[in-house]
Amino acid sequence: MKVFVTGGAGYIGSVCTEELLDAGHEVTVFDNLTEGHRSAVDPRAKFVEGCLRDAGLVKQSLRDAQADAIMHFAASALVGESMTDPKKYFHNNLVNALKLADAAVECGVKKFVFSSTCATYGPPDRVPMTEDLPQRPINPYGEAKLMFEKVLIWYAQIYKLEFIAFRYFNAAGASNKFGEHHRIETHLIPNVLFVAQGRKPQCEIFGTDYPTPDGTCIRDYIHVKDLAQAHMLGLVPGKTGFYNLGNGDGYSVREVISMCEKVTGQKIPVVEKPRRPGDPPRLVAAADKAIRDLGWQPKYPKLEDIVATAWAWHQKHPAGYAD
Ligand code: UDP
């Protein structure tokens, strides 16, 4: 297939682009490089530097790519930032996504694969979380993604734009070539590994008074290559709807830090800080639907493997893509 990948210079988009190319698909990456990196774009892909705000360029690029499918990764993705700068989230993650969906309809694209998030649920009534739980986001990041999910439902019904939306839990790990490099890093695993690399003196724990066994937040970490695999399965015609992607295992912040100590062989000094606004205490996926309907089978479900691949990538790229 010919696949148009927005955000293909970013973390998850770069790994998905690599997997698509390995599987023989043709890929056009569309990215404005504000968060992404030019050297994270697989050299086998065609690259268009542009912003989704520019509806004309989006349409032209889709036509040039003769795209059968869109994978839409380009987005702002920081829960904490969305609490202080909500307009960035509603513009980038809702308004710009809408422009892309309009272009998809106009250009006759058959499939829209959307990077959604478990943040659309807010604090869940129960874990592991199935797709039918109520969605009550507690931050603008989750809200904007949820609003766009609703756009997709109506566009599918009325314009027949087939979609699949993956609600990611916590993406982590790396492929051999591509890994996680944000210009401002707020995610837990890379920040802990920065301490092991000597790039940071200590790791901060945001909140130690949550209603969890050790008082820190629990998340479900999923390997970026397993996410990519699900996206490939999502391209199959007729597959549609919402799917959680996670491993069904929850790890607390302290458990993640211990695992990073084990993998790196280094002691990680920590400092306890207040809660970070917008963080639900516990998010753990039930991904049975993706396993059942799509035949998805995560290959790297163990936290140790996830951390080990991230560590290998950071060691190979001590300054990320700035090398
Ligand atoms: N966290 C932390 N210290 C850090 C970064 C994150 O304690 O330096 C916590 C954060 O508050 C959350 C969990 O780790 O409870 C996962 O955060 P991350 O930003 O990696 O992903 P999110 O769940 O926000 O998408």
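Ligands are counted one by one from 1 in listed order, and the atoms in each one are counted from 1 as well. Throughout, residue positions are numbered sequentially from 1 according to the sequence presented. Every heavy atom of this structure was used, including side-chain atoms; hydrogens, water molecules and symmetry mates were not.
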Quick one: closest heavy-atom pair of [X] and [Y], and the distance?
X: Val5; Y: Gly13; result: CG1-O, 4.3 Å
X: Cys217; Y: Pro280; result: SG-O, 3.7 Å
X: Phe166; Y: Gly234; result: CZ-CA, 4.3 Å

May I ask you to list the atoms of ligand 1 that are less than 4.0 angstrom from any heavy atom of [X]?
X: Tyr221; result: 16 (C)
X: Glu204; result: 2 (C), 3 (N), 4 (C), 7 (O), 8 (O)
X: Thr186; result: 5 (C), 6 (C), 19 (O)
X: Arg219; result: 15 (O), 16 (C), 23 (O)
X: Ile205; result: 7 (O)

Can you report which non-hydrogen protein atom sits closest to [atom], along with the distance?
atom: atom 24 (O) of ligand 1; answer: Arg276 NH2, 2.7 Å
atom: atom 14 (O) of ligand 1; answer: Val253 CG2, 3.5 Å
atom: atom 1 (N) of ligand 1; answer: Phe206 CD1, 3.7 Å
atom: atom 11 (O) of ligand 1; answer: Asp279 OD2, 2.6 Å
atom: atom 20 (O) of ligand 1; answer: Leu188 N, 2.8 Å

Ring centroids only, cut at 6.0 angstrom: are [X] and [Y] within range, meaning strictly under it?
X: Tyr11; Y: His187; result: no
X: Phe163; Y: Phe242; result: yes
X: His317; Y: His181; result: no

> Within a reach of under 6.0 Å around CZ of Arg44, are more than 12 heavy atoms found that belong to other residues, nucleotides or ligands?
Replying inline: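 Count over threshold, so yes.
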> With side chains defined as the heavy atoms from C-beta onward, is the minimum distance between Gln60 and Asp64 less than 4.5 Å?
Replying inline: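 Heavy-atom side-chain distance check passes, below 4.5 Å.
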> Judging by distance only, is a nitrogen or oxygen of Cys217 under 3.5 angstrom from one on ligand 1?
Replying inline: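 No, there is no polar N/O contact under 3.5 Å.
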> Just distances here: any N/O of Asn170 and N/O of ligand 1 closer than 3.5 Å?
Replying inline: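 Yes; the residue has a nitrogen or oxygen that sits under 3.5 Å from a nitrogen or oxygen of the ligand.
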